[in-house]
Amino acid sequence: MEKGWIHPDLEDFFSSEMNRRDFLKSAGKVAMFALGFTLFNPLPDIPLQAAPRFSLYPFTLGVASGDPLPDSVVLWTRLATDPLNGGGYPPYNIPVKWEIAEDERFQRVVQTGTTVARPELGHSVHVDVNGLKPGHEYWYRFKSGSEISPVGRTKTAPSPQSRLTDFTFAFASCQQFEHGYYTAYRHMAREDLDLVVHLGDYIYEYGPHRYIASGGNIRKHHGRETKTLADYRNRYAQYRSDEDLKAAHANFPWLVVWDDHEVQNNYAAQMPERGRGGKDFLRRRAAAYQAYYEHMPLRRSSLPIGPDMRLYRRFTFGDLVEFNLLDTRQYRDNQVSNAKWSPPGMRSTAQNRSILGQKQEQWLMEGLKHSRARWNLLAQQVFFSQRVWREGNQRLLNMDTWDGYAASRHRLLQFLAQEKISNPVVITGDVHSSWACDLKTDFGDHRSETVGVEFVGTSITSGGDGSDTLRSARRMLRDNPHIRFFNNRRGYVRCRLTRNYCLTDYRVVPYVSRPHAPIVTRASFAVEHGKPGIQTAGTFDR
């Protein structure tokens with residue numbers, strides 16, 4: 001966390017030498033002083049600016065909603081007149097009014113209220129509106145002083161007992177700001193969606209031009225590599241200032257999970273990408289997690305506790321679909337071979353290794369076992385299916401993905417098969433390309449049982465313009481027959497769930513290096529209820 005925003009007791013806490021166990025044991029104290037306590041009991045030395053006046057427009061980062069339940073949804077905004085330089089406000093509490101209505105013109109307002117944008121949370125606002133109708137569309141907005149925010153549209157979840165016949169969502173990931181324009185989000189904003197799921201790498205932590213796209217960078221990161229709370233806040237503000245991203249947030253409720261770049265590339269639990277973990281990295285992780293919370297439409301139950309934040313959670317939409325949002329970064333064992341491609345060995349296949357951690361793994365299996373949904377989605381970050389890369393007689397696997405945690409994946413696949421979980425669908429980000437896979441109980445035997453499917457979405461921008469195919473991908477498809485499709489363009493994935501089918505469209509743009517790209521459906525897939533695996537596929541534009 002950044003100096004100047006931490007309670008004096010916490011300065012002593014962070015400066016003392018301690019191990020990981022001591023750090024986590026004291027995490028409740030961190031939360032009490034740093035964040036949680038001040039949400040309910042404002043510190044007496046922070047004044048309330050009762051009638052704020054803004055020299056510049058304060059709603060520069062737009063509005064968002066998320067975590068929809070049948071009777072509630074979280075509304076979000078952040079006051080920032082100078083978004084790339086800390087937000088532009090002195091440490092005052094600022095009142096913010098909100099209202100939610102059943103029509104876009106706010107003729108039928110159903111609830112209003114006033115909350116406080118606090119400096120401890122970067123003057124962000126998270127309003128958990130309760131008492132709403134299930135499966136209902138709403139519009140919302142904020143007001144502070146004389147300034148009014150843009151209008152957002154959101155939707156509550158249908159009741160779990162309701163018989164739902166149709167549900168459409170899109171998922172996206174990996175939006176390196178420097179690599180291109182967010183045109184895909186502009187197209188997404190025009191879709192008819194019930195929900196958007198973001199699977200991680202919402203920001204990238206690198207300093208300017210430290211990560212170069214294949215065709216060169218066309219935008220520039222503001223500021224240095226993110227390490228402090230101020231750094232992360234400014235980086236989120238730069239990304240959220242993008243008009244196309246703001247449009248996608250304003251039009252639909254979002255479910256969000258992170259991957260690695262929200263903190264640091266390829267980090268694993270308390271271990272940084274390079275070197276040994278310690279208090280410096282845990283301090284960085286705490287700052288990153290707080291900034292993530294500040295900029296996402298998350299409930300107070302996701303409020304960080306020091307360097308820890310409960311992000312895995314579950315959402316049900318009628319009797320049709322249940323989303324299990326997973327966190328494959330915070331609890332994983334450290335990667336083998338520095339997260340590189342390497343042959344599988346005793347370390348990567350050890351039975352006690354987990355990419356989810358024991359508690360989350362048990363939570364996932366218990367939830368799946370008791371699910372009454374027709375479609376059960378696992379929304380997560382890194383490639384789940386096996387991908388073998390052959391070099392001579394060697395079989396190489398990516399140790400940063402589930403391939404580096406073979407026992408963890410095997411336990412889950414066996415569970416899906418034994419418990420006969422209804423229509424498991426894994427949705428994945430991270431790899432900056434599109435893939436579609438059958439999930440096998442034994443990836444080494446193409447005749448083994450198929451228990452579900454995995455749809456891997458490409459990046460919004462990361463990697464630059466991309467291409468339709470790669471020579472290496474043709475080899476990968478040949479050596480991994482359970483992988484049914486590959487494409488290297490940028491975009492997002494749209495899924496429509498019905499009682500009988502999961503219909504999936506890969507929506508891609510031909511370029512991100514300049515704005516105004518058109519969008520096409522590059523491939524479409526159908527999975528039939530009760531018949532695990534990809535049943536039909538097409539590759540066509542429409």
Side-chain angles (χ1 to χ4, degrees), residues 67-70 157-164 167 169 171 195 197 199 255-257 301 310-332 351 353-386 401-402 405-429 437-443 448-456 482 495 497-502 504 527-534:
D67 279 13
L69 298 175
S159 165
Q161 292 76 36
S162 62
R163 189 178 190 276
L164 197 62
F167 187 87
F169 71 97
F171 66 89
L195 184 74
V197 183
L199 298 175
L255 299 177
V256 298
V257 286
S301 56
R310 170 70 181 265
L311 200 59
Y312 64 87
R313 57 208 194 282
R314 183 174 292 117
F315 294 88
T316 305
F317 296 83
D319 66 345
L320 187 62
V321 56
E322 189 163 87
F323 287 86
N324 297 274
L325 276 73
L326 306 183
D327 179 354
T328 62
R329 284 292 162 189
Q330 188 174 182
Y331 312 105
R332 64 161 63 189
Q351 290 299 308
R353 281 178 61 76
S354 178
I355 196 171
L356 298 176
Q358 183 179 5
K359 184 177 180 180
Q360 183 181 189
E361 193 172 305
Q362 291 176 345
W363 168 88
L364 173 61
M365 291 183 181
E366 281 296 313
L368 290 170
K369 186 174 182 178
H370 293 98
S371 171
R372 297 181 179 180
R374 202 169 184 87
W375 298 92
N376 287 281
L377 272 77
L378 281 63
Q380 57 96 51
Q381 293 74 52
V382 294
F383 218 103
F384 184 86
S385 302
Q386 181 175 276
T401 70
W402 287 75
Y405 302 82
S408 200
R409 179 175 61 198
H410 179 74
R411 286 191 294 271
L412 183 52
L413 289 170
Q414 292 300 311
F415 173 84
L416 296 177
Q418 292 168 8
E419 298 294 334
K420 300 188 184 306
I421 302 302
S422 179
N423 301 318
V425 177
V426 177
I427 59 175
T428 301
C437 314
D438 288 335
L439 299 182
K440 313 292 286 186
T441 54
D442 181 358
F443 286 109
S448 67
E449 183 181 1
T450 300
V451 295
V453 298
E454 179 181 21
F455 294 119
V456 182
H482 56 277
C495 297
L497 300 171
T498 70
R499 304 299 296 183
N500 295 323
Y501 289 98
C502 170
T504 300
V527 179
E528 189 174 355
H529 164 63
K531 296 182 179 180
I534 297 169

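Here the side chain of Glu454 pairs a donor or acceptor atom with the backbone of Phe384 at under 3.5 angstrom. No donor-acceptor distance shorter than 3.5 angstrom exists from the side chain of Glu322 to the backbone of Asn324, with no hydrogens or angles considered. Looking at His482, its side chain never comes within 3.5 Å of a backbone N or O of Thr450 through a donor-acceptor pair.
Looking at Leu325, Val425, Leu364, Ile427 one by one, the single match for side-chain contact (heavy atoms from CB on, under 4.5 Å) with Leu378 turns out to be Leu364.
Rounding to the nearest 0.5 Å gives a distance of 8.5 Å between CD1 of Ile534 and OG1 of Thr504. Here the CZ atom belonging to Arg409 is positioned 7.5 Å from the OG atom belonging to Ser385, to the nearest 0.5 angstrom. Rounded to the nearest 0.5 Å, atoms CD1 (Ile355) and OG1 (Thr401) are 7.0 Å apart. Taking CZ from Phe167 and SG from Cys495, the interatomic distance works out to 10.5 Å, rounded to the nearest 0.5 Å. Within the model, atoms NZ of Lys531 and OH of Tyr501 stand 7.0 Å from one another, a figure rounded to the nearest 0.5 Å. Here CD1 of Ile421 is found 9.5 Å from CG of Leu412. Values are rounded to the nearest 0.5 Å.
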Original post:
For Leu377 and Phe315, what are the C-alpha separation, side-chain angles and deciding distance, and is it a side chain to side chain contact (heavy atoms under 4.5 Å, CB included)?
Top reply: CA-CA 10 Å; Leu377 272 77; Phe315 294 88; over 6 Å; no
Original post:
Taking it one step at a time, do Arg332 and Tyr405 satisfy side chain to side chain contact (heavy atoms under 4.5 Å, CB included)?
Top reply: CA-CA 9 Å; Arg332 64 161 63 189; Tyr405 302 82; 3.3 Å; yes
**OP:** Assess whether side chain to side chain contact (heavy atoms under 4.5 Å, CB included) is satisfied between Val426 and Val453, documenting all intermediate values.
**Re:** CA-CA 6 Å; Val426 177; Val453 298; over 6 Å; no
**OP:** For side chain to side chain contact (heavy atoms under 4.5 Å, CB included), just list the numbers for Trp375 and His529, CA-CA rounded to whole Å, side-chain angles, deciding distance to a tenth of an Å, and then say yes or no.
**Re:** CA-CA 8 Å; Trp375 298 92; His529 164 63; 4.1 Å; yes
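Applying the side chain to side chain contact (heavy atoms under 4.5 Å, CB included) criterion to Ala406, with sequence neighbours excluded, gives Thr349. Qualifying side chain to side chain donor-acceptor pair (under 3.5 Å) partners for Gln418, counting only residues two or more places apart in sequence or in other chains: none. Legend: residues meeting salt bridge (charged side-chain N to carboxylate O under 4.0 Å, His left out) with Arg353, ordered by chain and number and at least two apart, are absent. With sequence neighbours left out, the salt bridge (charged side-chain N to carboxylate O under 4.0 Å, His left out) criterion links Asp319 to Arg499. By the salt bridge (charged side-chain N to carboxylate O under 4.0 Å, His left out) test, Glu419 pairs with no residue at all, sequence neighbours left out.
Judged by distance alone, the side chains of Ser371 and Asn376 do bring a donor and an acceptor atom under 3.5 Å apart. Neither side chain, Thr441 nor Gln414, offers a donor N or O lying under 3.5 Å from an acceptor on the other.
For Phe171 against Val456, the heavy-atom pair with the smallest separation is CE1-C, 4.5 Å. The two residues Gly533 and Val527 come nearest to each other via the heavy atoms O-CG1, 3.5 Å. The heavy-atom pair separating Met365 from Phe415 by the smallest distance is O-CZ, 3.1 Å. Heavy atoms only, all atoms of each residue included: Leu311 and Val257 are closest at CD2-CA, 3.7 Å. Residues Gln381 and Ala379 share a closest heavy-atom pair of NE2-O, 4.4 Å. Annotation for Gly357 and Ser354: closest pair N-OG, 2.8 Å, computed over non-hydrogen atoms.
With contacts defined as side-chain heavy-atom distances shorter than 4.5 Å, the pair Leu255/Pro68 qualifies. Taking 4.5 Å as the limit, every side-chain heavy atom of Glu528 sits out of range of all side-chain heavy atoms of Asn500. Counting heavy atoms from C-beta outward, Leu356 and Tyr312 have side chains that stay 4.5 Å or more apart. Annotation: side chain of Pro424 is not in contact with side chain of Pro532 (no heavy-atom distance under 4.5 Å).
For residues 361-377, the salt bridge (Lys or Arg N to Asp or Glu O under 4.0 Å) pairs, not counting sequence neighbours, are Glu361-Arg411.
Aromatic pair Phe323/Phe169: ring centres closer than 6.0 Å.
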